[in-house]
Structures are given as structure tokens and as C-alpha cells.
Amino acid sequence: MEFKLNLSGVAFDLGHTIDSGQAFRWELRGEWWHGVLPAGAVKVRQEEDSLECVTSSEEVTPHYLREYFRIDDDLDRVYSAIMKDDHVAEAIQRYYGLRLIRQDTWECLVSFVVATNTNIPRIKGMISRVCERFGAKGDFLGVPYALFPTAEALAGASEEELKGCGLGYRARFVKAVAERVWSGGVDLGELRLMDYERAKDLLTDRLLGEKTLLGIGRKAADCILLFSCDKDSAFPIDVWMARVLAKYYPGVLGEELAEKLRSHASGATRLSGGDYERISAAMRGYFGEYAGYAQQYLFHDARMGRLE
DNA sequence: TCCCAGGCTCAAC
DNA sequence: GTTGAGCATGGG
């Protein structure tokens with residue numbers, strides 16, 4: 001199936017959107033980005049005023065991709081809301097059109113369990129191998145692809161098989177999460193309907209006495225909520241964001257929290273759970289309802305080498 | 001080779 | 001609620 005999405009008058013930058021560390025199943029081949037979504041494989045290319053799309057399935061409709069790339073978000077509104085200082089302003093200027101992606105929650109959940117304490121290239125490799133090993137196979141333009149595995153498939157996998165995909169100690173967490181989701185112990189669809197705090201409590205297992213969503217802490221939960229549940233105020237803090245915040249936002253956070261961020265960024269200490277929440281909440285208060293958008297621009301800017 | 005990476009679990013305070 | 005140790009792996 002082939003179609004074009006009309007982008008006239010729409011701020012959208014495909015490359016920065018896909019390559020900003022939100023989604024891990026995209027690959028640039030020549031001038032086309034190739035990806036696999038729950039509904040099928042796609043390749044997309046941005047032109048002047050449109051997005052050229054080729055898809056493997058009738059299910060990957062124009063509407064489907066508009067939802068995935070959040071084309072209907074009013075970026076002008078977002079920008080005016082988060083434009084609080086020169087640093088975001090410069091990042092917005094550099095990556096103008098970068099959008100948050102609306103991913104499948106299950107895929108996003110597993111992705112950010114896998115993403116703990118490793119780097120983005122390796123995350124892509126691990127997820128790719130898990131998909132090839134456990135996902136349903138298809139063929140798109142003569143090239144094989146694999147869908148993201150179902151919760152059933154990963155719950156049925158052994159820890160050893162998952163380790164064989166290079167997951168290391170994360171194998172145990174992925175299996176535990178898959179078992180919990182497959183057994184119906186958590187309804188991922190309802191996360192989108194909850195407010196941020198309640199959804200985060202549910203993801204981090206603060207509602208039940210027992211921790212069964214292993215591998216999902218505060219940061220992973222924030223990523224899942226931001227990238228797949230429309231919680232645009234979520235403000236994940238990883239080591240990159242710790243550096244950014246320590247360097248540019250001590251005035252917002254206060255010297256005490258800024259010092260803790262510096263120590264965390266340098267690897268000397270870690271953020272306590274309380275400090276993580278205090279910092280994240282302060283940035284949410286500063287940037288407002290689209291704080292997660294600000295975070296994504298600052299994160300991408302740092303990874304692009306803008307920190308020095 | 002060592003260092004680092006979109007951190008988290010677990011035990012002990 | 002905090003803190004410290006331990007953790008698998010591969011890219012740079």
C-alpha cells in the first residue's frame with residue numbers, strides 16, 4: 001500500500017523524530033526510514049510538503065501513521081508552552097518539527113525494560129534479536145521482517161532463550177513483565193485513561209504490595225508514559241538529562257538538587273527515588289503540561305553533542 | 001583495555 | 001525513604 005501524508009503547514013521532521021531515542025525499530029536505508037509497527041512493516045521518506053509511505057499491510061493506513069507520528073499535535077501550541085528559556089528555544093530551533101511518537105504500550109514497556117543501563121545502539125540490537133527470535137515473521141518488498149513479539153510469546157520464552165538475545169540480567173525482568181501482562185495482571189490500555197500519577201503508580205507497582213513489573217523503575221515508567229500513553233508532562237531523567245539539568249537548570253532546581261544531579265551525572269552517586277521525583281516534578285512545574293516535549297528536545301540536543 | 005550506557009533489584013539501614 | 005553492591009553486555 002502506498003500513499004502520501006500531506007504535511008503542508010505542519011511542522012514535522014521525520015529524521016529527528018525517529019532518531020531521538022524514543023523508538024528502537026527504525027533503520028535508515030538510503031533516503032528511506034524502514035520500520036516495523038504492530039500493524040506491519042513500513043518505509044517512509046519525507047518530502048517537501050508530504051510524507052511518502054509504503055506499507056506491507058492494508059492496516060497501516062494514513063490515519064494509523066498520523067496517529068503514530070502524532071501529526072495532529074499542535075506543535076506551535078507546544079512550543080509556546082515550553083519556550084521558557086534560551087536553551088529550549090535553541091533546541092527547538094535546531095530540531096524544529098521533532099515530535100513525540102505514540103508507540104504501542106506493550107512494545108514500549110518491554111523496550112524500556114531492556115533499555116536500562118545500556119546504550120541506544122545496543123538497545124536496538126537486543127530488541128531486534130528478540131523480535132527475530134520470538135516475533136511473527138513477514139516479508140516486505142522482498143526483505144524479511146519480524147513483528148514485535150506478543151506478551152504470550154515472551155511469557156512462554158525461557159530466561160535462557162532471552163539471554164541468548166543478549167539481554168543479560170534483563171532477561172529475567174522481561175519474562176516477569178510478559179507473564180504479568182499475559183496473565184491479565186495489568187491492563188496496559190487503561191494507562192492511557194489514567195492521570196499521570198496514578199498511571200505511574202500502577203507501572204511502578206506502588207498499588208499492590210508486591211513488585212511484579214520487574215525492571216520498571218521511575219525512569220522507565222516515565223518513558224513508557226511519555227512515549228506510549230500521551231502523558232506529555234512526564235519528565236524522564238537519565239544520565240544525559242542529569243547533565244543537562246545540572247548544567248542549565250540549577251536556578252530552577254536549587255543548588256542542593258543541582259549538586260545531587262552533578263554527582264549523579266559524574267557517576268559518583270545515584271539519585272535517590274525521592275530526589276528523582278523532586279527534580280522531575282520541579283521540571284514539570286517549570287515547563288508545564290508539555291514538559292515531556294521539552295525533555296525530548298533537551299535530551300536529543302545533549303546526545304547530538306551539544307553539551308560539550 | 002577500561003569506561004560508559006535512556007537504571008533497576010535487593011538487602012540493610 | 002536512603003544507601004551500597006551487584007549486575008550482563010558491547011560500543012567507543
So what does Ser272(A) hit on the nucleic acid, given a heavy-atom distance under 4.0 Å: a base, only sugar-phosphate, or nothing?
-> sugar-phosphate
dT9(B) phosphate, OP1 or OP2, under 4.0 Å from Lys211(A) side-chain N/O | yes
Salt bridge or not for Arg198(A) and Asp195(A), using N-O below 4.0 Å?
-> no
For residues 248-258 of chain A, which side-chain N or O atoms pair as donor and acceptor with protein atoms under 3.5 Å away, sequence neighbours left out?
from, atom 1, to, atom 2, distance (Å)
Tyr249(A), OH, Asp85(A), OD1, 3.0
Tyr249(A), OH, Asp85(A), OD2, 3.1
Glu255(A), OE2, Arg262(A), NH2, 2.2

Would you indicate what Ile216(A) reaches in the nucleic acid, counting non-hydrogen atoms under 4.0 angstrom: base, sugar-phosphate, or nothing?
-> sugar-phosphate
Looking for any heavy atom pair under 4.0 Å, which part of the strands does Ser266(A) touch: base, sugar-phosphate only, or nothing?
-> nothing
Under 4.0 Å between any heavy atoms, over every strand shown, what does Gly215(A) touch: base, sugar-phosphate, or nothing? Just pick one.
-> sugar-phosphate
Below 4.0 angstrom, N of the basic side chain to O of the carboxylate: do Asp74(A) and Arg77(A) qualify?
-> no
Determine: side-chain N/O of Arg278(A) to OP1/OP2 of dT2(C), distance under 4.0 Å, yes or no.
-> yes
For Ala220(A), report the nucleic acid contact type (base, sugar-phosphate, nothing); a contact means any heavy atom under 4.0 Å.
-> sugar-phosphate
Hey, is Phe299(A) doing a stacking thing with dG6(B), by the 5.5 Å centroid and 30° angle criteria?
-> yes
Rounded interatomic separation in angstrom, taking CG from Asp301(A) and P from dG6(B) | 15 Å
Under 4.0 angstrom, heavy atoms only, what part of the nucleic acid is Glu277(A) near: base, sugar-phosphate, or nothing?
-> nothing
Between Arg45(A) and Glu52(A), is there a side-chain N and carboxylate O pair less than 4.0 Å apart?
-> yes
